[in-house]
Structures are given as C-alpha cells and as structure tokens.
Amino acid sequence: VEMITVKDLNKVYENGSIAVQALRNVNLEIDEGEFVAITGPSGSGKSTFMNIIGCLDRATSGLYILGGETIEDLSDNELAAIRNRKIGFVFQSFNLLPRTSALKNVELPMMYAGIGKKERRARALDALERVGLGDRVDHKPNELSGGQKQRVAVARALVNNPSIILADEPTGNLDSKSTQEVMDLFKKLNEEGVTILIVTHEKDIAEQTKRIVSFRDGEIIVDKESIEA
Ligand code: ADP
Ligand code: ADP
C-alpha cells in the first residue's frame, strides 16, 4: 500500500532578492512498512524534504499525497491535524522535558490530542514497554543514558499511533553502543509494520535500513535497496 507519493516536487526559498532552490523535481514513492534512510551532504535538501513530508512546510510546486490525502489541498489547520494524527517525530537532541518523568514525557502528545488521564497513562506505559523501558517509567531524562532518552522519544512518537515515524539524525548525539540500541529498536518496530524514514550522514546507519535515498543539490541521485535488505 502506498504511503507517500511525491511528484515533481520543488521548493524555493525566497529571501528578499535571493532565491535558493532547495528541491528540484523530486519524485518518490514509499510504501507502508518501508524503512528508508535519507542521506546526502549538508545543504543537499534533506531537511527541506523531511519538513515537507512531515507537513511542517509546504512545497513551492508539485504533488504530495500522504496516506491518500493530497496535501496541497489542505488548509493550515487541516495540515496540523494530519501532522498530529499521522506523523511521529524523533529529533537528534531528543527534545524531552528535563524535569519530567519518562511517563509524563510520553503522555504529552496525548494531552494535546485531548485524551483522558487514564487512557493517556495506559497508552504511555504500553509505548514505554514497547521500546523496552517498562522498568524506567519514573526516571527523568538526566537519569537515563543517551540511548534510553532516545527510546523515550521514540515511545512519545509512537503514542498517537502514527502512520510514519520521521527521525532527523536520531543517532547524531549518541555513542556507538546507544546508536546500536536505537537502530535495533527501529528495526524491531519496522518488523512490527511501522513505516520509518531516518535522515543520517552515516553510511553504516543507512545500511541498516532497507532502502537508501541520497540527495545532492536538491535532487535524488541514488535510490537503491540497502545491501542488508
Ligand atoms: P540539508 O538538510 O541536506 O542540510 P537543507 O534542506 O537544510 O539541506 O537545505 C537545502 C538548501 O536550502 C541549502 O542551500 C540551504 O541553505 C537552503 N535553505 C534551507 N532552509 C532555508 C531557509 N529557511 N531559507 C533559505 N534557504 C534555506
Ligand atoms: P541540518 O543540520 O539538518 O543540515 P541546517 O543547519 O541546514 O540543518 O539548518 C538548520 C535550520 O536553519 C533549518 O530549519 C533550515 O530551514 C534553516 N536554514 C538552513 N539554511 C538556511 C539559510 N540559508 N537561510 C535561512 N535558513 C536556513
């Protein structure tokens, strides 16, 4: 089943008299259940692409269909609703509330979604179990290792049952042991059916996914199966 369809996508940033074309005629299809690495040098358009896929920004021209919905046709409010319902974000710097337990951090997106206290707690506990942190729910971020912090962030991304997880350099702040811990978690979730896109600079991370899409100067220059797939 097709999850993401992108046709002739262009993005131009206009700053006064200067225009930067960050994406040029990008075409891509991603199916439900894929595990994709987005790679390329700094400035190649990865963040721009992920921001559009995550419904944080809009393309200048072209078509983007997410789970059957044509994104161009939506108002900003509808776009925000799609983002909250369909996308789970994971960031390089975790973005956890520091003085707040793992459990409360994971409950946060459900508070925005207006879900009641009892259900929030049950779903947050489930998500923390799912990422292997059932025994750390009352720990605060500074009581957790880097890998554990990122697993809390993954639990938070999962909790509204998104169609896709978008992770921007999720291992960029982690040592090699924690990096492997987080990659093993993504592999497990993908085997359970979760669609995952990760941006990474690191070749050995990209090779742990199933498909590698590489950008250069705003264009896709490589789209291939990973050697491990
Ligand atoms: P990457 O994530 O691969 O480093 P980006 O998508 O951040 O690439 O950037 C692609 C190009 O678009 C770069 O030339 C960058 O300087 C430019 N760019 C990104 N964001 C903006 C912006 N908000 N305004 C102007 N130019 C931008
Ligand atoms: P990354 O670490 O993902 O490559 P960047 O350092 O390229 O990110 O960009 C960080 C932020 O700055 C992004 O939100 C991007 O939109 C913005 N940005 C990048 N390049 C420019 C630019 N030339 N002008 C204005 N904003 C930019």
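Whatever order the structure lists ligands and atoms in, that order sets their numbers, starting from 1. As the structure is a prediction and not an experimental result, all values here were calculated from the model.
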List every atom of ligand 1 that sits less than 4.0 Å from any heavy atom of Ser42, numbering the atoms from 1 in the order shown and giving each element.
-> 4 (O)
Which atoms from ligand 1 have a heavy atom of Asn15 less than 4.0 Å away?
-> 24 (N), 25 (C)
Considering the heavy atoms of Lys46, write down every atom of ligand 1 situated less than 4.0 Å from one of them.
-> 1 (P), 2 (O), 3 (O), 4 (O), 6 (O), 8 (O)
In ligand 1, which numbered atoms sit nearer than 4.0 Å to a non-hydrogen atom of Pro41?
-> 3 (O)
Answer whether the closest heavy-atom distance between the side chains of Asn27 and Ile220 falls below 4.5 Å.
-> no
Closest approach of Ala157 to Phe89 (non-hydrogen atoms, all atoms of both residues) = CB-O, 3.6 Å
Do Gly45 and ligand 1 have an N or O pair less than 3.5 Å apart?
-> yes
Residues two or more places apart in sequence or in another chain: which of them pass salt bridge (charged side-chain N to carboxylate O under 4.0 Å, His left out) with Arg58?
-> Asp76
Any N or O of Ala22 closer than 3.5 Å to N or O of ligand 1 = no
Arg151: partners by side chain to side chain donor-acceptor pair (under 3.5 Å), with sequence neighbours left out | Glu181
Assess Gly218 for proximity to ligand 1: is some non-hydrogen atom of it under 4.0 Å away?
-> no
Can the positive tip of Lys188 be found less than 6.0 Å from the middle of the six-membered ring of Phe186, inside 45° of the ring normal?
-> no
Nearest heavy atom to atom 14 (O) of ligand 1, choosing from Val20, Ile52, Ile38, belongs to Val20
Provide the closest heavy-atom pair for Val213 versus Leu28 in the form atom of the first, atom of the second, distance.
-> CG2-CD1, 4.1 Å
Considering the heavy atoms of Ser44, write down every atom of ligand 1 situated less than 4.0 Å from one of them.
-> 1 (P), 3 (O), 8 (O)
Heavy atom of Gly40 under 4.0 Å from ligand 1?
-> no
Locate the shortest heavy-atom distance separating Thr195 from Asp31; write the atom from each residue and the value.
-> CG2-O, 3.9 Å
Between Val199 and ligand 1, find which residue part has any heavy-atom pair under 4.0 Å and reply side chain, backbone, both or neither.
-> neither
Closest heavy-atom contact between Phe91 and Gln150?
-> O-NE2, 2.8 Å
